[in-house]
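Along the sequence shown, residues are numbered consecutively beginning with 1. What you see is a predicted model, and the numbers here were worked out from it, not measured in a lab.
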Amino acid sequence: MHWLTRWWPALAWAAVISAFSTSAFGAENTGRIIIPILHWVFPQLTRDTLLVIHHVLRKCAHFIEYFIFGFLILRGIRGIRREMHLRWALLAIFLVAGYASIDELHQAFVPGRTPAVRDVMLDTMGGVAAQIVAALFARYRPVRNQQPKSVETSA
């Protein structure tokens, strides 16, 4: 069960990503909510501009959800170890890319959704960015002085 402690966040996030791949989160459905909000905040913008912003927000969501997924996969691989290894990052990127591919394939069978190779590439870039941030964080994180406390014995 130790593996479950490390991996449950990534597994839960994978389920969230799968939920985002349903028709409920298709462009038409999210547009019904996001575009009116954007129009309320920016009433001077044209309909075409609002559609472009909606599209950009949806693509940013791809990047962010797989950025988070990349961190969570690395957490599962790394466990409690604080160091960072290139092979861990590459494995995490491979798993992100594989899941993104499966997710897009799934969308081929969902009404109102279409698979896109560019989305797999964007998702994978989110996972790559997470590995870069994790490596930078591991490299530049201050190291705490963790010297063991000595135990005094009384004679």
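Looking at Leu38 and Leu45, their side chains never come closer than 4.5 Å, going by heavy atoms from C-beta outward. In this structure the side chain of Asp103 never reaches within 4.5 angstrom of the side chain of Phe20, judged on heavy atoms.
Separation of atoms CD1 (Ile17) and CD1 (Ile68) is listed at 8.5 Å; rounding is to 0.5 Å. Atoms CD1 and CD1, from Ile73 and Ile93 in turn, are 10.5 Å apart once rounded to the nearest 0.5 Å. With rounding to the nearest 0.5 angstrom, the OG1 atom of Thr49 is 9.5 Å from the CD atom of Gln44. Once rounded to the nearest 0.5 Å, the distance linking CD1 of Ile53 with CG of Asp48 reads 11.0 Å. Expressed to the nearest 0.5 Å, how far CD of Gln107 lies from OG of Ser23 amounts to 10.5 Å. The structure places CH2 of Trp13 at 7.0 Å from CD of Glu65, a figure rounded to the nearest 0.5 Å.
The main-chain N or O of Leu122 is never found under 3.5 Å from a side-chain atom of His62 such that the two would form a donor-acceptor pair. Put simply, the side chain of Thr30 gets close to the backbone of Gly26: a donor and an acceptor are under 3.5 Å apart.
Classification of the Phe69-Tyr99 ring pair by plane angle, with boundaries at 30° and 60°, yields tilted.
At most 12 non-hydrogen atoms from other residues, nucleotides or ligands lie less than 6.0 angstrom from NE2 of His55. The number of heavy atoms from other shown groups lying within 6.0 Å of NE2 (His39) does not exceed 12. Around the CZ atom of Arg32, the shell of radius 6.0 Å holds more than 12 heavy atoms that belong to other residues, nucleotides or ligands.
Summarising the geometry of Thr114 relative to Glu104, their closest heavy-atom pair is O-OE1, 3.9 Å, with the distance given to 0.1 Å. The two residues Ala24 and Asn29 come nearest to each other via the heavy atoms O-CB, 3.3 Å. Summarising the geometry of Ile35 relative to Arg47, their closest heavy-atom pair is CG2-NH1, 3.2 Å, with the distance given to 0.1 Å. Residues Gly76 and Arg6 share a closest heavy-atom pair of O-NE, 2.9 Å. Contact record, Thr22 with Arg113: O-NH1, 2.9 Å, taken as the closest heavy-atom pair. Looking at every heavy atom in both residues, Ala92 comes nearest to Leu74 through CB-N, 4.3 Å.
Linking ILVMFWY side-chain heavy atoms closer than 4.5 Å, directly or via other members, places Met125 and Val56 in two distinct hydrophobic clusters. Note: the hydrophobic cluster containing Trp7 also contains Tyr66 (ILVMFWY, side chain heavy atoms under 4.5 Å, direct or indirect links). Hydrophobic cluster membership is shared by Leu95 and Leu11, with clusters built from Ile, Leu, Val, Met, Phe, Trp and Tyr side chains linked at under 4.5 angstrom. When hydrophobic clusters are built by joining Ile, Leu, Val, Met, Phe, Trp and Tyr residues whose side-chain heavy atoms come closer than 4.5 Å, directly or via intermediates, Ile34 is grouped together with Leu51.
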Report task. Go through the steps to decide whether Gln131 and Val96 satisfy the test side-chain contact (heavy atoms from CB on, under 4.5 Å), and finish with yes or no. Result -> CA-CA 11 Å; Gln131 303 316 302; Val96 165; 5.7 Å; no
